[in-house]
K.L.:
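One structure follows; several queries about it will come next.
No experiment lies behind these values; they were computed from the predicted model shown. Proteins get letters first, then strands, A, B, ... in listed order; numbering begins at 1 in each.
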Amino acid sequence: MSGFKSDFLRVLSERGFVHQISDPEGLDAAALKGPVTGYIGYDATASSLHVGHLTQIMMLHWMQETGHRPIALMGGGTTMIGDPSFKDEARKLLSVEDIGRNLEGIRGSFSRYLDFDGGRAEMMNNADWLLGLNYVEFLRDVGRHFSVNRMLSFDSVKLRLDREQSLSFLEFNYMILQAYDFVELNSRRGCVLQMGGSDQWGNIVSGIDLGRRMNDVQLYALTSPLLTTASGAKMGKTAAGAVWLDAELLSPYDFWQYWRNTEDADVVRFLKLFTTLPMSEIDRLAALGGAEINEAKKVLAGEVTTLLHGRAAAEAAAETARKTFEEGALAGDLPTIEVPMAEIDAGLGVLSAFVRAGLVASNGEARRAAAGGGLKVNDASVTDPTASLSRADLTGDGVIKLSFGRKKHILLRAV
RNA sequence: GGGGGAAUGUCCCGAGCGGCAAAGGGGGCGGACUGUAAAUCCGCUGGCUACGCCUUCGUAGGUUCGAGUCCUACUUCCCCCA
């Protein structure tokens, strides 16, 4: 698997980013000869990227680190269509306004990982060339190179066809547009590599074929493995939803916690993929066993959070976690909600306080959680569901600590 | 075009003689054990102003004291024949 001569492929390979490469020797040689331009596309299906995208972002990061030129391609055009790959049903079409808003949200995340100064990296948007296409012209220039027979044979649409779920003509075109993007980037920027998750293989290879047919150029594909945790769950999902990169949607503290709670079996793999620590350091951490592996998890959480939110935010998160979990003390910068003092004086029910804090979804859930011993007010279990909070529950700092389970804590601040 | 079957708790799979808030899994959450891990064991897994009330079984009607369960039409999917 290794034996690559270029820094670029050697690093990606030893850190576990490589699933498939279309022409490993050819790409290795190209990367050895000089700077290679490569891209990854991101569709604007949500207002923020999440942990599932992080692998792809790190690949662009390493590309730049090893002396090449990454392009982050915003899918302002392709998001209008929606990628049907491996989806069992069509996704709802997003409005133009939503797409625009989502793109804005996504853009910000990249600056933490890529240095855009002096054209060392670039952000582009396929809306710039896709939206103005002339239909008939496009069909004659590009469409004629695609075989429907072949497109129907791809694994990515197999699920849909097997279930005889409708695959609309709109979605069917996604692959063609993505292939066209690749060729367009090749013409515009000399881009010869497209990377992506393993589910993108078919789409990427279509672009390679199209490049050869239209312009007789040699393009390359590199995909990363689909990430799951050691126990088989998809990466980046928690009870609360996706693990967002945008601090507005997921606080740095919660982001840090997500990594801190990594399963033992995943720690080394994640250190390689999601941090920039040198391999020697990772090897050292990998040697930790038993309870000591918690140190490795803290390093993991610290490094990943630092990359995304900065050193200060990472240290604050680590400190809050230390106080909360290791000292059992009340850390002042836990997530906080504000409640008017008048409501507390009026006797705010414990159950509704937990609902207000967003720790549980309903009074009923709060009631059940209390019955199961899962609710705590200032570290004391709630046994009476009809109890109310009062001024007397306020700690010295004027807050009440609400805990659901051992890991979720919210401060209720009276104002 | 003809014939047969199926849609269940808005996470998924899946049982369901006309009395059902609806079996059982998975997943998730909580508890115990640990190391803020995994594995294991236990509990919970419609809503509410809560010994009662309200809303749920593809959609819309109907029969019935009462329907997820029976009838009709429609929608979507699966299988067989042409």
K.L.:
Using ring pair (Phe, Tyr, Trp, His ring centres under 6.0 Å) as the criterion, list what pairs up with A/Phe8, not counting sequence neighbours.
P.N.:
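Partners of A/Phe8 under the ring pair (Phe, Tyr, Trp, His ring centres under 6.0 Å) test: A/His68.
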K.L.:
Decide whether A/Gln194 and A/Gln200 meet the rule of one side-chain donor and one side-chain acceptor closer than 3.5 Å.
P.N.:
no
K.L.:
Mind calculating the distance between CZ (A/Phe354) and C1' (B/rC29) to the nearest angstrom?
P.N.:
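These atoms are roughly 15 Å apart.
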K.L.:
What is the separation between atom NZ on A/Lys297 and atom P on B/rU36, rounded to the nearest whole Å?
P.N.:
9 Å
K.L.:
Quick one: salt bridge (Lys or Arg N to Asp or Glu O under 4.0 Å) partners of A/Lys298, sequence neighbours excluded?
P.N.:
A/Glu295, A/Glu326
K.L.:
Within this structure, what is the CH2-to-P distance between A/Trp256 and B/rU36, rounded to whole angstrom?
P.N.:
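From A/Trp256 CH2 to B/rU36 P: 11 Å.
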K.L.:
Reckon A/Glu292 touches a base, only the sugar-phosphate, or nothing at all at heavy-atom distances under 4.0 Å?
P.N.:
nothing
K.L.:
For A/Asp28, enumerate each residue passing the side-chain hydrogen bond (donor to acceptor under 3.5 Å, both in side chains) test, keeping only those at least two apart in sequence or located in another chain.
P.N.:
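side-chain hydrogen bond (donor to acceptor under 3.5 Å, both in side chains) list for A/Asp28, sorted by chain: A/Ser6.
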K.L.:
Rounding to a whole Å, what distance do you find between A/Asp379:CG and B/rU36:P?
P.N.:
15 Å
K.L.:
If I take atom CG in residue A/Leu359 and atom P in nucleotide B/rG28, what distance separates them, rounded to the nearest angstrom?
P.N.:
20 Å
K.L.:
The criterion is ring pair (Phe, Tyr, Trp, His ring centres under 6.0 Å); which residues satisfy it with A/His53, sequence neighbours excluded?
P.N.:
A/His50
K.L.:
Could you state the CZ-P distance from A/Arg322 to B/rG35, rounded to the nearest angstrom?
P.N.:
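Atom CZ in A/Arg322 sits about 19 Å away from atom P in B/rG35.
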K.L.:
Can you tell me the distance, in whole Å, between the NZ atom of A/Lys298 and the P atom of B/rU36?
P.N.:
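My rounded result for the distance is 9 Å.
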K.L.:
Can you check nucleotides 47-49 of chain B for protein contacts, nitrogen or oxygen pairs under 3.5 Å, and list what you find?
P.N.:
| residue | atom | partner | partner atom | Å |
| --- | --- | --- | --- | --- |
| B/rG47 | OP1 | A/Ser362 | OG | 3.1 |
| B/rG47 | OP2 | A/Arg368 | NH1 | 3.3 |
| B/rG47 | OP2 | A/Arg368 | NH2 | 3.4 |
| B/rC48 | OP1 | A/Asn363 | N | 3.2 |
| B/rC48 | OP2 | A/Gly364 | N | 3.0 |
| B/rU49 | OP2 | A/Asn363 | ND2 | 3.2 |

K.L.:
Detail all sub-3.5 Å separations between protein N/O atoms and N/O atoms belonging to nucleotides 30-32 of chain B.
P.N.:
| residue | atom | partner | partner atom | Å |
| --- | --- | --- | --- | --- |
| B/rG30 | OP1 | A/Lys408 | NZ | 3.0 |

K.L.:
Taking syn as within 90° of 0 and anti otherwise, name the glycosidic form of B/rC51.
P.N.:
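Here B/rC51 takes the syn form, which means its glycosidic angle is within 90° of 0.
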K.L.:
For the P atoms, the ones on B/rA7 and on B/rA15, what distance do you get once it is rounded to whole angstrom?
P.N.:
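These two P atoms come out 8 Å apart once rounded.
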